[in-house]
Number of protein chains: 2
Amino acid sequence: MEEDKHSLKERKVITIGIVSELTGLTVRQIRYYEERKLIFPERSNQGSRKFSFSDVETLMEIANKIEEGVQTHEIRREMAKKKKGVTEKEVRNRMLKGQIRAQFGDPKM
Amino acid sequence: MEEDKHSLKERKVITIGIVSELTGLTVRQIRYYEERKLIFPERSNQGSRKFSFSDVETLMEIANKIEEGVQTHEIRREMAKKKKGVTEKEVRNRMLKGQIRAQFGDPKM
DNA sequence: CGGTTTATGTTAGAAATTCTAACATGTTTT
DNA sequence: AAAACATGTTAGAATTTCTAACATAAACCG
């Protein structure tokens, strides 16, 4: 199934320095979590990482787990499980938008 | 009146290179449109520009006007006029979200 | 018409950001 | 105790961004 490459949340446009500011994590940590396959930034032509708001959100969740003492290893497993729930939420959300469109015409959301 | 600094659309997190890719404008053009007060990026501590998705949208509109042969000068005037309409749309949108919340509970939108 | 402004390119040098890779180290796991 | 984890730090290279200045074709305007 296709990811939504176009919602603002999913677009990979934020550089690592800004992600660092936004999350409070060091760039070292962010790179390390990528290495551990917890996040998947895209790369620009020259190889610099580009993150989405969604990635930023994920990183904040990761930061919490880490503080709780959970290992990346375990976080990775939990995230795999959660994937299903997320997909369901997306479907629900799409349905919701359908309803809105039906009621109000096409409000460019 | 306060701007909404928190919606994804308004957050200033995109560097000029990426804005350039996203809009097809050169960085020279983007800087120039700032100089002409058509856009208002924030600055990082060290002085590099940070744009929002909203800025990107605006830049695309600007690019169209420019192609039509409209001068920055004129575009600036048009944008001032449009400001009012935008505010109205924001209000309407907020109302819409209120309705949705009322119907479906709080769908984290 | 001719001077002025507009819009953009180009160049130059400095400062900032990002990248990879390696080494160090205290802390958990196993 | 050995291995793995999580981060910091350092180093050098590559990329990006910044400002400022100069150049110029095109558009505007008195």
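Reminder, nothing fancy here: chain letters follow the sequence lines and each chain counts from 1.
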Check every atom of D:dT19, C:dT6, D:dC5 against the side chain of B:Arg43 and return the nucleotide holding the closest atom. D:dT19

Whether the side chain of B:Gln29 engages the backbone of B:Thr26 through a donor-acceptor N/O pair (distance < 3.5 Å, no angle test) should be reported. yes

Verdict with reasoning, A:Ser52 to A:Asp55, per side-chain hydrogen bond (donor to acceptor under 3.5 Å, both in side chains): CA-CA 5 Å; A:Ser52 64; A:Asp55 292 329; 3.2 Å; yes

Please report the C-alpha distance between B:Ser20 and B:Val27 in whole Å, then the side-chain angles of each, then the deciding distance to 0.1 Å, and finally whether the side-chain contact (heavy atoms from CB on, under 4.5 Å) criterion is met. CA-CA 6 Å; B:Ser20 172; B:Val27 306; 4.0 Å; yes

Do you know which of A:Lys50, A:Arg49, A:Arg76 makes salt bridge (charged side-chain N to carboxylate O under 4.0 Å, His left out) with A:Glu34?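 Running salt bridge (charged side-chain N to carboxylate O under 4.0 Å, His left out) over A:Lys50, A:Arg49, A:Arg76 with A:Glu34 returns exactly one hit, A:Arg49.
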
Quick one, which residues of residues 44-66 of chain B touch DNA chain C with a heavy atom under 4.0 Å? B:Gln46, B:Ile66

Which residues within residues 19-42 of chain A lie with some heavy atom under 4.0 Å of an atom in DNA chain C?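 Output list: A:Arg31.
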
For B:Val13 versus A:Phe53, what's the shortest heavy-atom pair and its separation?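 Heavy atoms only, the tightest pair is CG2-CZ, 3.7 Å.
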
Check A:Glu74 with A:Arg77, please: is the shortest side-chain N to carboxylate O separation under 4.0 Å?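 Yes, this pair counts.
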
Write down the distance between CD1 (A:Ile18) and C1' (C:dT18), rounded to a whole number of angstrom.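 A:Ile18 atom CD1 is separated from C:dT18 atom C1' by 12 Å.
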
In whole angstrom, what separates A:Glu74's CD from D:dA6's P? 11 Å

I want to check one thing: is the phosphate of C:dT18, taken as OP1 and OP2, less than 4.0 Å away from some side-chain N or O of A:Thr15? yes

Side-chain heavy atoms nearer than 4.5 Å, only ILVMFWY residues, links allowed to pass through others: does that put B:Ile30 and B:Phe40 together? no

Quick one: do B:Ile62 and B:Thr23 satisfy side-chain contact (heavy atoms from CB on, under 4.5 Å)? Show the steps, please. CA-CA 10 Å; B:Ile62 292 171; B:Thr23 60; over 6 Å; no

